[in-house]
Asker: 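Sharing a structure below in structure tokens format, with a few things to ask.
FYI, side chains are in, hydrogens and waters are out, and symmetry mates aren't considered; it's all heavy atoms of this structure.
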Amino acid sequence: GCEYLKSLALMGVGCGGGKVTVTDMDRIEISNLNRQFLFRQSDVGHSKSLAASRAAKAMNKDLTIESMEVRVGPDTEDVFDDPFWDSLHCIVNALDNIQARLYVDSRCVWFGKPLLESGTLGTKANMQVVLPKLTQSYGDSQDPPEESIPLCTVKHFPNAIEHTIEWSREAFEQMFVEAPREGNSFLGDPATYLQKLPSTGSGTAQLQRLKSIKHMMEKRSGPFQSCVDYAVLEFQEKFHDSIAQLLYTFPLDHVTSEGTKFWSGPKRPPAPIKFDASDKLHMDFIMAAANLYAATLGMPQNRDHAQLASMAAAVQVQEFKPKEMKIKVDDKDTTGEGCMDDDEIVRHMTSEMSEKVKSLKSKADLQPAEFEKDDDSNFHIQFIAAAANLRARNYKIPEADFHKVKMTAGKIIPAIATTTAMITGLVSAELLKVVKLESRKVEDFKDAFVSLALPLWVLSEPLPPVKTVSKEHDPIVMGPVKARPEGFTSWDKIECNLGDATLQEFLDFLTEEMSVEVMIMSSGNACLYNAYVPAHKKRLKEKITSIWETITKQQLSPKKSYLTLEVSASDLDDGQDVVIPTVKFQFR
């Protein structure tokens with residue numbers, strides 16, 4: 001985004017009666033400073049769009065620019081409304097996620113606006129030119145979604161350092177974000193909290209929640225030793241007891257019902273770790289966990305390694321006693337996980353804590369952590385790195401250095417200034433064509449894929465839009481499907497200017513215009529009409545806007561003038577399924 005603004009300012013875009021509108025709801029972080037050249041140290045914590053616009057304006061005083069701090073999405077269409085999109089000549093994306101890209105692309109397709117889409121990843125970069133009716137849209141062709149790591153793999157059967165980093169990131173959230181929030185809920189109204197607890201989650205999850213709250217209530221005014229106790233006990237639970245329990249449930253010689261070894265393939269047999277205060281990695285975990293716990297309780301921190309090692313070595317831990325537990329080995333298993341005895345322990349602990357409610361002394365609320373990857377002194381990344389590497393030791397997985405953990409846990413996308421500047425230059429060249437060419441032809445434009453590491457430069461003519469054609473056999477409907485009109489694309493839409501019409505008037509319009517009978521009509525995720533549901537017949541006399549407001553439980557904005565309607569229909573003559581373009585229902 002900064003490279004684009006710099007380029008636009010130096011090219012003179014928005015300097016001769018036009019205007020550049022830039023929006024970004026994010027704030028500048030320290031990690032942003034090494035990726036571009038518009039932000040400075042003094043800008044950290046301030047709005048990205050405002051700071052970048054100010055810097056671009058300093059490069060060219062004639063630049064007319066409007067800075068906004070509003071995200072672009074379905075929930076902000078009252079801000080980015082029809083007149084806004086209609087006023088644009090071209091849209092240039094500088095987005096970091098697919099969902100936002102798809103939304104902006106859908107708006108450009110709907111309003112028939114050119115879009116210049118691009119992205120970078122380290123030394124790689126790509127650029128796509130989207131021209132109304134001439135090229136594919138971004139949504140016509142996209143990369144497959146990233147595969148998520150199965151929950152059971154993260155929880156019990158990791159085989160890569162990425163698995164243990166994700167596990168430790170979740171542990172941070174549970175221990176220092178969610179647990180303090182639960183504690184605050186308890187402090188706010190202990191009796192009501194305990195009364196509602198039995199109806200939330202499994203007994204094992206409730207027990208962990210109650211133990212955490214009880215420990216915080218008891219240690220709020222204790223010495224720092226209580227924070228070290230907490231850290232050592234968490235170490236024992238996470239890297240010894242839970243692993244020993246897993247091996248008790250599934251011994252090393254365990255065989256599945258199919259007769260194969262349970263611990264084989266990607267399932268690595270783990271080994272418990274006994275706490276050793278002389279081990280640096282062990283103490284990294286204790287140092288981080290104890291100080292994070294102290295921050296939660298509002299206590300002074302202690303960063304003396306020797307003192308903490310002495311305190312940690314003195315902590316007594318209970319001998320592990322295995323339980324009869326249900327452990328899920330597959331995400332498809334919908335049954336619960338945990339120990340049946342935990343339900344009884346929860347009931348006993350709830351009763352015990354209820355008795356202590358009256359004796360609780362009022363004190364400041366607990367302070368949940370707010371994850372910040374760029375401050376190496378706050379123990380956030382140190383905790384995650386230590387926990388991830390300890391769990392890696394459990395499973396004999398090669399450990400990761402601090403920076404690898406920071407990039408993965410902080411979801412830092414590699415960005416190189418050279419790559420960013422290069423792809424911005426290519427996009428700027430295409431922008432000049434969009435603005436200057438009176439008659440746009442596909443052969444005048446170029447998409448690009450570049451890898452500076454190889455180096456590889458591929459410039460190609462944009463692909464034509466994907467056409468919807470009739471099929472003799474459609475795998476979804478299990479039969480022939482007609483396209484009407486034949487070969488329509490995502491750029492095409494049916495204009496319906498009936499005003500605030502009833503459902504029956506709309507159905508009659510489509511029958512007359514397209515020779516189809518509407519079977520199902522929806523708007524987004526809301527089904528407004530289904531011919532197969534007898535109760536929907538009474539909606540025929542209602543106005544479509546009224547049906548929409550009733551189904552979605554929302555009020556149509558005064559700025560909204562149309563509804564986007566998707567229709568499933570059948571041929572009026574032979575009853576075959578028919579695919580038609582999206583309908584723009586203009587009710588104002």
Asker: Report yes or no: does W85 contribute a side-chain atom to a donor-acceptor pair with the main-chain N or O of F80 at less than 3.5 Å?
Answerer: yes

Asker: Whether D43 and R54 form a salt bridge (side-chain N of Lys/Arg under 4.0 Å from carboxylate O of Asp/Glu) is what I want to check.
Answerer: yes

Asker: Tell me, please, whether W167 has K155 positioned over its six-membered ring: NZ or CZ under 6.0 Å from the ring centre and within 45 degrees of its axis?
Answerer: no

Asker: Is the number of heavy atoms from other residues, nucleotides or ligands under 6.0 Å of E472 CD greater than 12?
Answerer: no

Asker: What's the spacing between I165 CD1 and T408 OG1 if we round to 0.5 Å?
Answerer: 4.0 Å

Asker: Looking only at heavy atoms, what is the nearest atom pair of T564 and E566, with distance?
Answerer: CG2-OE2, 3.6 Å

Asker: Whether the side chain of E549 engages the backbone of L556 through a donor-acceptor N/O pair (distance < 3.5 Å, no angle test) should be reported.
Answerer: yes

Asker: How about K560: does its NZ atom have over 12 heavy atoms from other parts shown lying under 6.0 Å from it?
Answerer: yes

Asker: Is a side-chain donor-acceptor pair under 3.5 Å present for S7 with S428?
Answerer: yes

Asker: For V129 and D447, work out which heavy atoms get closest and say how close.
Answerer: N-OD1, 2.7 Å

Asker: Can you tell me how far the OG1 atom of T76 sits from the CE atom of M25, to the nearest 0.5 Å?
Answerer: 9.5 Å

Asker: Using a 4.5 Å cut-off on heavy atoms from C-beta on, say whether the side chain of E3 contacts that of F37.
Answerer: yes

Asker: Using a distance-only test with no angle check, is there a side-chain donor-acceptor pair under 3.5 angstrom linking T545 and D500?
Answerer: yes

Asker: Can D571 and R484 be counted as an ion pair, charged N to O under 4.0 angstrom?
Answerer: yes

Asker: Does the pair K406 and D376 meet the rule for a salt bridge (charged side-chain N to carboxylate O under 4.0 Å, His left out), with working shown?
Answerer: CA-CA 10 Å; K406 184 174 184 177; D376 291 344; 3.2 Å; yes

Asker: When rounded to the nearest 0.5 angstrom, what is the spacing between CG in L463 and CD in Q128?
Answerer: 8.0 Å

Asker: Under a 4.0 Å N-O cut-off, is there an ion pair linking K404 with E162?
Answerer: yes

Asker: Take D78 and S557 through the test side chain to side chain donor-acceptor pair (under 3.5 Å) and record every step on the way to the result.
Answerer: CA-CA 7 Å; D78 57 331; S557 168; over 6 Å; no

Asker: Under 3.5 Å, is there a donor-acceptor pair between the side chain of S168 and the main chain of I384?
Answerer: yes

Asker: Just verifying a value: how many Å separate R391 CZ and E399 CD, rounded to the nearest 0.5 Å?
Answerer: 14.0 Å

Asker: Does F449 form a side-chain contact (heavy atoms from CB on, under 4.5 Å) with L456? I'd like the steps, not just the answer.
Answerer: CA-CA 8 Å; F449 174 80; L456 172 69; 4.1 Å; yes

Asker: Do E178 and R181 sit within salt-bridge range, that is, some charged N less than 4.0 Å from a carboxylate O?
Answerer: no

Asker: Is the count of non-hydrogen atoms from other residues, nucleotides or ligands lying under 6.0 Å from E443 atom CD greater than 12?
Answerer: yes

Asker: Between D574 and K482 (salt bridge meaning N to carboxylate O under 4.0 Å), is one present in this structure?
Answerer: yes

Asker: Report the C-alpha separation of L437 and F445 in whole Å, then their side-chain angles, then the decisive distance to 0.1 Å, and conclude whether the side-chain contact (heavy atoms from CB on, under 4.5 Å) test is met.
Answerer: CA-CA 10 Å; L437 295 179; F445 295 84; 4.1 Å; yes

Asker: Q586 vs C496, test: side-chain contact (heavy atoms from CB on, under 4.5 Å). Steps then yes/no.
Answerer: CA-CA 6 Å; Q586 198 81 29; C496 179; over 6 Å; no

Asker: Measure the spacing between CG of D508 and CG of L540 and express it to the nearest 0.5 Å.
Answerer: 9.0 Å

Asker: Please say whether more than 12 non-hydrogen atoms of neighbouring residues, nucleotides or ligands are located less than 6.0 Å from CG in N525.
Answerer: no

Asker: So which atom in W491 and which in K113 form the shortest heavy-atom distance, rounded to 0.1 Å?
Answerer: CH2-O, 4.2 Å

Asker: Tell me whether the guanidinium CZ or amine NZ of K373 lies under 6.0 angstrom from the six-membered ring centre of F371 and within 45° of its axis.
Answerer: no

Asker: Could you give the distance from CZ (R539) to OG1 (T502), rounded to the nearest 0.5 Å?
Answerer: 14.0 Å

Asker: Please find the pair of heavy atoms, one from P368 and one from V177, that lie closest to each other, and give the distance.
Answerer: CB-O, 3.8 Å

Asker: Return each pair, listed once, that meets ring-ring contact (aromatic ring centres under 6.0 Å, His included) where at least one residue sits in residues 503-536; pairs must be two or more places apart or across chains.
Answerer: F506-F585

Asker: Please determine whether a side-chain nitrogen of the Lys or Arg among E461 and K446 lies less than 4.0 Å from a carboxylate oxygen of the Asp or Glu.
Answerer: no

Asker: Do Y4 and T420 pair up side chain to side chain, a donor and an acceptor below 3.5 Å, judged on atom types alone?
Answerer: no

Asker: Side chains of Q576 and S570: donor-acceptor distance under 3.5 Å anywhere?
Answerer: no

Asker: Is a donor on one side and an acceptor on the other found under 3.5 Å between the side chain of T135 and the backbone of P462?
Answerer: no

Asker: Tell me if a side-chain donor or acceptor on N60 pairs with a main-chain N or O of A9 at a distance below 3.5 Å.
Answerer: yes

Asker: Can a donor-acceptor pair be found between the side chains of N378 and E372 at a distance below 3.5 Å?
Answerer: no

Asker: Hey, is the main chain of D26 close enough, under 3.5 Å, to the side chain of R71 for a donor-acceptor pair?
Answerer: no

Asker: Do F383 and F379 have their ring centres less than 6.0 Å from each other?
Answerer: no

Asker: Can you find a pair of side-chain heavy atoms, one from T123 and one from I416, that are under 4.5 Å apart?
Answerer: yes

Asker: Can you find a pair of side-chain heavy atoms, one from D140 and one from S490, that are under 4.5 Å apart?
Answerer: yes

Asker: Could you verify whether a donor N or O on one side chain and an acceptor N or O on the other, from S49 and E69, lie under 3.5 Å apart?
Answerer: no

Asker: Given 3.5 Å as the limit, does a donor-acceptor pair link the side chain of K6 with the main chain of A56, or not?
Answerer: no

Asker: Do T511 and L572 make a side-chain contact, defined as non-hydrogen atoms from C-beta onward lying under 4.5 Å apart?
Answerer: yes

Asker: Could you tell me if the side chain of L565 sits less than 4.5 Å from the side chain of S522, heavy atoms only?
Answerer: no

Asker: Quick check: closest heavy atoms across L5 and S53, and the distance to 0.1 Å?
Answerer: CD1-N, 4.0 Å

Asker: Could you tell me if the side chain of V79 sits less than 4.5 Å from the side chain of M68, heavy atoms only?
Answerer: yes

Asker: Does any N or O in the side chain of S47 come within less than 3.5 Å of the main-chain N or O of L50, such that one atom is a donor and the other an acceptor?
Answerer: yes

Asker: Using the side-chain contact (heavy atoms from CB on, under 4.5 Å) rule, take K584 and W110 through it: C-alpha gap first, then chi angles, then the decisive distance, then the call.
Answerer: CA-CA 9 Å; K584 182 176 182 180; W110 186 258; 3.3 Å; yes

Asker: Donor-acceptor pair, D577 side chain versus V481 backbone, under 3.5 Å?
Answerer: no

Asker: What are the two closest heavy atoms between V516 and V578, and how far apart are they?
Answerer: CG1-CG1, 3.8 Å

Asker: So, K433 and E430, do they make that salt bridge, N to O below 4.0 Å?
Answerer: yes

Asker: Using modelled atom types only, decide if a donor and an acceptor are shared between the side chain of S546 and the backbone of E542 within a distance under 3.5 Å.
Answerer: no

Asker: Do T23 and V72 have side-chain heavy atoms sitting under 4.5 Å apart?
Answerer: yes

Asker: I want to check something: taking the side chain as every heavy atom from C-beta on, are L452 and M422 in contact at a cut-off of under 4.5 Å?
Answerer: yes

